[in-house]
Amino acid sequence: MATHSEPFKQLATRRLNSIPEAAELLRAGRLVAFPTETVYGLGVDAYNTAAVERLFLAKGRPSDNPLIVHVASPQDWPRVARTMTESAAAFLAALSPGPLTVVLPKHPLISPLVTAGLDTVGVRIPACQQARELLQAVQRPIAAPSANRSGKPSCTTWQAVLEDLDGRIDALLQGTVSAVGLESTVVNCCGPVPVLLRAGAISLADLQAVVPETMTMQPTMLGTPQWLASPGLRHPHYQPAARVQLVDLWTEIALPDLPHLLSQASIQPMIYKAAYAGLTPHPLAKQFELHATFATVEEYAAHFYEFLRRADRLQVEVIYLQRAGEEGIGHALRDRQQRAAGAI
Ligand code: TXA
Ligand code: MG
């Protein structure tokens, strides 16, 4: 496995507001970041191997981690996949456009770099209006990983994309804030039963409402070719610079641990170089450098990555995250929390 690293040629990253201009650049083989409802994506023509190679370099992404390919409408799947399966057709009809990726047999024109040499490909139809208009205008399948430096938290705002990728990509479509805030649900639809590979806003229960046999990855399947796990999940993901500690109750944040985090620079007395986010307010919240309490788990998920990034901008030493429950998007948020903490 090759991990691309420095040095990297500095580029002038253009900031765009025009969808036709962004589409033109993508058709010319350029790297263009764009908004989606899950997180920002870094787009590239999925048929153009030289361009895809540049994308891996720009992100510093390991070459064994395949990319998801995006199209404007469910009818466009024949440009990406060789065949449609019964389960994928059912999922697309019921849940797409939306935060869902179905894995299907790969179309021969999709660059082998996109799929990291696999014979399968992830297909996604985003619901975000700007993303759909862009894909419609490009008229070509667009491979797009999340638009962040590899290993870092994903980006839900265009400003966060620039923070990571300014000077490394050709352009950025300055779009809306991502509404969902966590990456799409990935489900492998190539085998006899669909297998959930990555949790997202669409839950296992949502998938089972469409295809009841849908299951999660079982330990016995790991490593067997037809049930290849989402390969990217082997690598570290979503990690801020600060240490992340997961708690169920704020009382787990041991007060004797806190004094050494006291800020010297602050004019306010007793500000901890720490951040706290959760669904339950922390009684000492105001003494943390950064704190956020969310009314719903959906809101927690939507602001999760930006919270991690804000904490890093403030250079806090530790980020305390209250664990999400398992219901709905809570399952996906919990997965990302554990990865941010380096626990998976
Ligand atoms: O919401 C999303 O999916 C965002 C937006 C931009 O669409 N994209 C995204 O891409 O999260 P990325 O590259 O950060 O994550 C892609 C995930 C990885 O875990 C990768 O291993 C998995 O999808 N994946 C892609 N192709 C696959 C395949 N053929 N088989 C199994 N897993 C695949
Ligand atoms: Mg990613």
Side-chain angles (χ1 to χ4, degrees), residues 32-44 46 52 55-56 59-71 80-82 88 96-107 110-128 130-132 134-135 141-156 161 164-165 173 175 178-191 194-202 217 221 225-239 301 305 329 332 335-336 339-340 344:
V32 183
F34 63 96
T36 89
E37 74 278 20
T38 56
V39 297
Y40 269 69
L42 177 56
V44 70
V52 176
L55 182 141
F56 275 87
K59 269 199 62 129
R61 183 176 177 107
S63 57
D64 66 348
N65 188 2
L67 311 178
I68 292 170
V69 180
H70 300 65
V71 283
V80 187
R82 208 163 56 232
S96 205
L100 177 74
T101 296
V102 292
V103 174
L104 285 167
K106 170 190 174 294
H107 189 289
I110 297 288
S111 165
L113 291 193
V114 166
T115 57
L118 296 175
D119 191 38
T120 58
V121 63
V123 187
R124 171 157 134 75
I125 298 101
C128 164
Q130 289 163 314
R132 296 192 75 190
L134 176 65
L135 294 164
I142 295 300
S146 51
N148 51 278
R149 290 292 284 271
S150 196
K152 288 287 165 203
S154 301
C155 298
T156 51
V161 175
D164 267 25
L165 296 172
L173 183 60
S178 301
V180 175
L182 301 180
E183 303 79 359
S184 63
T185 302
V186 180
V187 56
N188 187 320
C189 297
C190 297
V195 178
L196 175 65
L197 299 181
R198 181 175 72 180
I202 293 176
M217 203 62 194
M221 295 174 172
Q226 71 268 44
W227 295 124
L228 198 72
S230 211
L233 299 185
R234 287 194 297 262
H235 300 288
H237 267 84
Y238 321 122
Q239 291 179 355
Y305 287 130
I329 200 168
D335 168 73
R336 306 310 190 272
R339 290 175 196 281
I344 295 186

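In this chain, numbering begins with 1 at the start of the sequence shown. Order of listing sets the numbers, starting from 1, for every ligand and every atom in it.
- Only one option out of Thr101, Val71, Ile142 pairs with Arg124 in a side-chain contact (heavy atoms from CB on, under 4.5 Å); it is Thr101.
- Distances between N or O atoms of Arg124 and those of ligand 1 include at least one value under 3.5 Å.
- Within the structure, the closest approach of His70 to ligand 1 falls below 4.0 Å when heavy atoms are considered.
- By the 3.5 Å distance cut-off applied to N or O atoms, Tyr40 is not counted among the residues near ligand 1.
- Of all non-hydrogen atoms in Leu173 and Tyr40, the two that sit nearest each other are O-CE2, 3.8 Å.
- For ligand 1, the atoms sitting less than 4.0 Å from at least one non-hydrogen atom of Ser184 are 1 (O), 2 (C), 3 (O), numbered in the order shown with element in parentheses.
- Arg132 and Ala127 get closest at one heavy-atom pair: CD-O, 3.8 Å.
- The minimum heavy-atom distance between Ser154 and Asn148, with the atom names listed, is CA-OD1, 3.7 Å.
- In this structure a side-chain-to-backbone donor-acceptor pair under 3.5 Å is present from Gln239 to Arg339.
- Scanning all heavy atoms of the two residues, the minimum distance from Lys106 to Leu118 falls at CD-O, 3.6 Å.
- At a 4.0 Å heavy-atom cut-off, ligand 1 does not touch Lys59 at all.
- Within ligand 1, the atoms closer than 4.0 Å to a non-hydrogen atom of Gly41 are 6 (C), numbered from 1 in the order shown.
- Using a 30° and 60° split on the angle between ring planes, Phe34 and His70 fall in the perpendicular class, above 60°.
- On a distance-only criterion, Thr36 and ligand 1 share no N/O pair closer than 3.5 Å.
- Between Thr120 and Thr115, the closest heavy-atom pair is O-CG2, 3.2 Å.
- Taking each heavy atom of Gly60 and Ser150 in turn, the nearest pair found is O-CB, 3.1 Å.
- Using modelled atom types, one side-chain atom of Ser178 and one backbone atom of Thr36 make a donor-acceptor pair closer than 3.5 Å.
- The heavy atom nearest to atom 14 (O) of ligand 1, considering only Cys190, Ala143, Ser146, is found in Ser146.
- For atom 8 (N) of ligand 1, the nearest non-hydrogen atom from the set Pro35, Ser154, Ala144 belongs to Ala144.
- Counting heavy atoms closer than 4.0 Å to ligand 1, residue Asn188 contributes nothing at all.
- The proximity of Thr115 to ligand 1, defined as any non-hydrogen pair under 4.0 Å, does not occur for either the backbone or the side chain.
- Take the Mg ion (ligand 2) and draw a sphere of radius 2.8 Å; the protein N/O/S atoms inside it number 1.
- Proximity of a side-chain donor or acceptor of Thr185 to a complementary backbone N or O of Gly200 within less than 3.5 Å is detected.
- Residue-ligand proximity, Pro145 to ligand 1, at heavy-atom distances under 4.0 Å covers atoms 10 (O), 12 (P), 13 (O).
- In this structure, CZ on Arg82 lies 10.0 Å from CG on Leu104, to the nearest 0.5 angstrom.
- The part of Thr38 lying near ligand 1 is the side chain, judged by heavy-atom distances below 4.0 Å.
- Contact atoms of ligand 1 toward Asn65: 18 (C), 20 (C), 21 (O) (distance under 4.0 Å to a heavy atom of the residue).
- Interface of Thr120 with ligand 1, defined as ligand atoms under 4.0 Å from a residue heavy atom, comprises 28 (C), 29 (N), 30 (N).
- Salt-bridge check for Arg198 with Asp335: failed, with every basic side-chain N at 4.0 Å or more from each acidic carboxylate O.
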